[in-house]
Engineer: 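So that we are looking at the same thing, I have put the structure below in structure tokens.
On a predicted model such as this, the values are computed, not experimentally measured, just so you know. Just so we're on the same page: letters track the sequence lines, and every chain starts at 1.
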Amino acid sequence: MICSPKLLLLHCMDLVKYYNPRIVEDKWYQYWMENGYFDSVPDEREPYTIVIPPPNVTGVLHMGHMLNNTIQDVLIRKARMEGKNACWVPGTDHASIATEAKVVKMLAEKGIKKTDISREEFLIHAWEWKTKYGGIILDQLKKLGASCDWKRTRFTMEDELSKAVTTVFIKLYNDGLIYRGTRMVNWDPAGKTTLSDEEVIFKETNSNLVYVVYPFTEETKSSAAVTGKGLVVATTRPETIMGDVAVCVHPDDERYKHLIGKTVMVPVVDRVVKIIADTYIDMEFGTGCLKVTPAHDENDYRIGEKHQLEIIDVLTDDGRIDARAGVYVGMDRFACRKQIIKDLEEKGLVEKIEQIRNTVGHSERTDAVIEKKISTQWFVNMQEFMRRYPQVLTSVMEEEIRFYPSKFKNIYRHWMENVKDWNISRQLWWGQRIPAWYNSTGEYVVSATELEAIELFRKRGQTYDPGELEQDPDVVDTWFSSWLWPISVFDGFSDDKDDKKDYRYYYPTNDLVTGPDIIFFWVARMIMAGYAFNGQKPFSNVYFTGIVRDKQRRKMSKSLGNSPDPLELIDTYGADSTRMGLLLSAPAGNDILYDEAQVEQGRNFCNKIWNAYRLIEGWNVVPDEQAKPEVLTSAELAHKWFEMKYQAAVNDIHEAFADYRLSEALMNTYKLIWDDFCSWYLEMLKPEFGEPIHKSAYEKVKTGFGNVLKLLHPFMPFITEELYHVLHNWNVSRPLIVSDYPKTGTTEPVNDAALGIISEIRNIRNSKGLSPKQAFDLIIMTKDETAYRKWEFVISKLANISSITYNASRPEKGFSGLIGTDEFHIPYAEQIDEAEERKKMEEELDYLKGFLKSVDAKLGNERFVANARPDVIEKERKKKADAEEKIKKLLEALGSQLS
RNA sequence: GGGGGCUUAGCUCAGCUGGUUCAGAGCAUCUGCCUUACAAGCAGAGGGUCACUGGUUCGAACCCAGUAGCCCCCA
């Protein structure tokens with residue numbers, strides 16, 4: 001059933017002073033949905049496409065999503081109104097490690113351990129969980145007004161998208177861009193999986209730098225001049241001592257030169273190791289002696305490789321001491337660190353302990369401290385990738401893909417130029433399994449199915465015992481599926497879908513809106529995928545939003561409790577107000593400092609618009625013939641004036657949109673409606689109390705109102721749709737969501753300099769404490785009477801003026817001022833502080849004289865006249881003439897008062 | 001350590017290729033108004049040595065160099 005928005009309004013809203021979003025928003029969302037306005041299918045129109053950054057499938061809406069999706073909705077709604085075939089594809093990400101962690105936790109609460117169940121059983125639980133909680137976030141987006149094509153909702157782990165992952169993996173492997181290798185990787189002991197470099201967050205931490213004595217061996221003591229018990233090594237990681245295989249010093253270090261090649265004992269395990277030399281060593285740090293632990297540190301690993309040292313991994317996958325260490329076996333790594341320090345102190349092998357600040361890597365998802373570890377994993381060869389697809393970098397640098405703000409270009413380049421191989425295998429179950437198959441001797445092939453694997457083994461002449469091939473147990477990094485998102489949501493990888501009609505029509509997409517925190521995780525990799533798999537960019541513009549913070553600039557976080565619940569906010573203030581509150585202070589790339597006051601501003605704005613409607617709706621309309629002639633002409637001028645203001649604003653708004661300055665576009669719209677439309681235009685036309693309005697003016701106002709609603713619709717879709725309908729008595733050919741967005745253009749200029757007199761007069765009233773109800777007479781001294789005459793009606797009404805005369809003699813007593821170079825006077829006999837009036841005029845005069853002096857100096861400067869552009873010189877001449885004119889007027893006025 | 005960026009009104013930000021009467025906006029503040037659309041409002045006002053120092057230029061918030069402070073990213 002199509003809902004009936006009209007009835008609701010009439011029952012609840014008639015005559016109410018305050019706008020109530022609650023009875024408006026849901027019904028319009030439902031109306032748009034039921035009428036298919038969000039849906040998109042390829043046609044002859046120009047497409048405009050955005051793919052949503054897929055939120056985690058088990059996520060809930062937070063302020064960051066609100067901002068991000070509001071921006072996307074603004075862009076998509078504007079494009080839709082501009083007649084483009086707007087397509088916003090929603091969906092969710094399976095978020096491998098994050099979701100798996102949640103499922104593991106949920107199972108643990110039920111008393112089920114992941115290690116006690118099979119992969120298949122685990123996946124059943126995981127899918128159940130996904131079905132239950134997955135997509136809640138998408139429903140929440142509907143409350144915000146997000147006009148996604150929900151029929152196109154995708155999930156990164158659905159069959160079609162998983163197939164794409166496999167296809168891409170195999171292609172890259174066959175192209176020599178994916179390899180399996182043994183490397184030092186990041187290990188998350190909590191998630192028990194490897195992580196890419198991007199998933200490691202470095203945090204500054206207070207650490208103990210322990211100075212440990214490595215005693216000299218008898219051999220060393222006897223063969224070299226030694227002082228002290230042994231070499232002192234400074235380390236923050238004493239628990240890895242059991243993995244030490246050497247001590248390294250700088251070859252030029254005078255302190256240790258004579259010891260190179262000698263030996264020391266590794267404490268705790270009493271292993272004899274060599275003292276080696278390498279220029280890698282920083283002589284300044286600690287004692288200049290480094291304990292070499294190739295299994296647990298990247299640099300140590302390189303030194304180990306160079307000097308062909310043994311690798312002793314002393315940690316288990318869950319961060320305990322491994323049996324290989326020989327001591328402290330089974331103890332947690334951090335407990336072990338404390339215990340070893342204690343034990344070494346007892347043996348007198350700790351020289352001192354210093355407090356230092358260092359950076360420690362943490363898992364992005366589990367927050368566990370990352371261990372470096374040697375492991376056999378799958379990698380994407382990035383150097384080679386970039387060599388083959390240089391457009392990945394050049395497209396951004398040459399702005400074929402534009403970044404907003406552009407500062408991210410350099411950040412992007414820096415990353416691209418220093419990028420390391422991408423570790424894509426994860427020791428998890430929730431995700432796309434790596435399409436590699438191993439035979440009983442550990443040889444492997446890469447293929448989509450076991451049958452194809454057998455075929456490959458056969459061709460190679462390797463054993464392939466049918467039924468005994470084993471698929472790699474690991475899954476790929478989540479981002480190895482989401483980098484395909486702009487292609488895969490349009491089935492760009494599937495060969496059997498209607499000629500890839502959607503793909504050809506919608507791809508490449510237009511705009512991507514995302515946070516800068518995933519520029520490397522996702523944006524960079526989508527660009528890589530775009531060029532590698534399709535030879536095209538995936539999108540033309542990337543809008544980086546800021547991070548939503550509270551007004552003290554703290555990040556929103558659960559523990560601080562400073563993050564408002566977006567749904568409560570919408571419930572309290574309405575989606576329109578919330579959207580406006582977020583957008584107001586959100587220039588691209590700037591952090592947005594969330595303050596509820598801004599949402600209140602949004603609410604106040606809604607109310608303002610609502611009341612503008614109430615005013616218009618309350619007018620009694622009569623035919624034009626019944627209106628006074630001066631009212632008719634004045635109204636005509638007001639229409640022209642507003643048309644000019646409106647068109648100028650439209651042009652500004654288009655310009656702001658072109659540069660993705662959305663908050664500016666919104667602010668322009670806000671000021672157009674509040675100031676120009678409500679404060680000026682409506683006040684110009686508003687009939688005296690009890691008087692009717694003539695029909696042509698009424699119609700013009702309605703048209704103007706409709707137009708500003710159109711401008712505002714992308715930002716505040718609900719209230720605008722509502723008012724657009726009530727304004728037109730529910731009789732509109734197309735609802736606002738698919739109506740036409742105002743276009744740029746030119747209008748006849750209207751000289752409105754005379755209006756400045758209104759503010760001047762109001763100011764005089766205010767500063768003299770005179771009531772606005774007290775009418776004034778006005779004398780204007782001008783060469784151009786017509787400029788004022790046509791505004792007489794408006795001036796009289798808005799400044800409460802009872803009579804206007806031109807170029808009459810100056811009054812004896814009264815107030816005066818300047819509008820441009822025109823002088824005006826208000827005769828006022830009582831209670832005037834003449835001295836004060838004179839003082840004001842003299843101050844003005846002083847300022848003008850000083851100003852004139854500086855302009856004269858400029859014009860008198862030969863080099864200025866010779867070098868400045870002609871139009872600049874012309875402006876200066878005009879300034880000079882104006883200043884002289886004003887000074888003359890002021891002197892005259894002062895003189896007349898003197899006499 | 002490497003890279004990017006910022007510093008303009010009480011707050012948040014504009015200020016596009018140096019040149020409108022030596023800087024604009026929103027919010028906040030202050031003053032006066034319950035004026036028949038709106039007090040969630042109306043009218044008006046105040047508030048800035050454009051971080052600092054030097055340079056280039058006829059002319060600098062804007063270009064250059066240095067100094068100080070802050071933020072982000074990477075190792």
Engineer: On RNA chain B, compare the nucleotides closest to A:Lys886 and A:Trp415; which residue's is nearer the 5' end?
Structural biologist: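 This one resolves to A:Lys886.
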
Engineer: So if I take every side-chain heavy atom of A:Arg603 and compare against B:A40, B:C38, B:G19, which nucleotide ends up nearest?
Structural biologist: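 In terms of side-chain proximity for A:Arg603, the closest of B:A40, B:C38, B:G19 is B:A40.
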
Engineer: At under 4.0 Å between heavy atoms, what does A:Ser759 touch on the DNA or RNA strands: base, sugar-phosphate, or nothing?
Structural biologist: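 It contacts sugar-phosphate atoms only.
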
Engineer: Rounded to the nearest 0.5 Å, what separation is found between the CG atom of A:Leu685 and the NZ atom of A:Lys700?
Structural biologist: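 So the gap between those two atoms works out to 10.5 Å.
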
Engineer: Is there, by distance only and without an angle test, a donor paired with an acceptor across the side chain of A:Lys17 and the base of B:C38 below 3.5 Å?
Structural biologist: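 Per atom types, no contact qualifies.
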
Engineer: Closest approach to the side chain of A:Lys875, judged atom by atom: which nucleotide of B:A40, B:G44, B:U20 is it?
Structural biologist: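 For the A:Lys875 side chain, the nearest candidate turns out to be B:U20.
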
Engineer: Which of the following nucleotides, B:G3, B:C42, B:U35, is nearest to the side chain of A:His414?
Structural biologist: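 The answer is B:G3.
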
Engineer: Nearest to the side chain of A:Asn607, which nucleotide is it out of B:C58, B:C38, B:U20?
Structural biologist: B:C38

Engineer: Parallel, tilted or perpendicular: which fits the ring planes of A:Tyr19 and A:Trp610, with parallel below 30° and perpendicular above 60°?
Structural biologist: tilted

Engineer: If you measure from the ring centre of A:Tyr670 to the centre of the six-membered ring in the base of B:G26, is it under 5.5 Å, with the planes under 30° apart?
Structural biologist: no

Engineer: Can you tell me how far C1' of B:C33 sits from NZ of A:Lys768, to the nearest Å?
Structural biologist: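 After rounding, the gap between these two atoms is 18 Å.
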
Engineer: Under 4.0 Å, counting only non-hydrogen atoms across every strand here, what does A:Trp674 touch: a base, just sugar-phosphate, or nothing?
Structural biologist: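 Contact class for A:Trp674: sugar-phosphate only.
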
Engineer: For A:Glu683, answer base if it contacts any base atom (sugar-phosphate contacts may also be present), sugar-phosphate if it contacts only those atoms, and nothing otherwise; contact means non-hydrogen atoms under 4.0 Å.
Structural biologist: base

Engineer: Using only side-chain N and O atoms of A:Arg614, determine if any of them is under 4.0 Å from OP1 or OP2 of B:C38.
Structural biologist: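 For B:C38, neither OP1 nor OP2 has a side-chain N or O of A:Arg614 closer than 4.0 Å.
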
Engineer: Take atom NZ in A:Lys888; do more than 12 heavy atoms of anything else shown fall under 6.0 Å from it?
Structural biologist: no

Engineer: Nearest 0.5 angstrom please: A:Trp187 CH2 to A:Thr194 OG1, how far?
Structural biologist: 6.5 Å

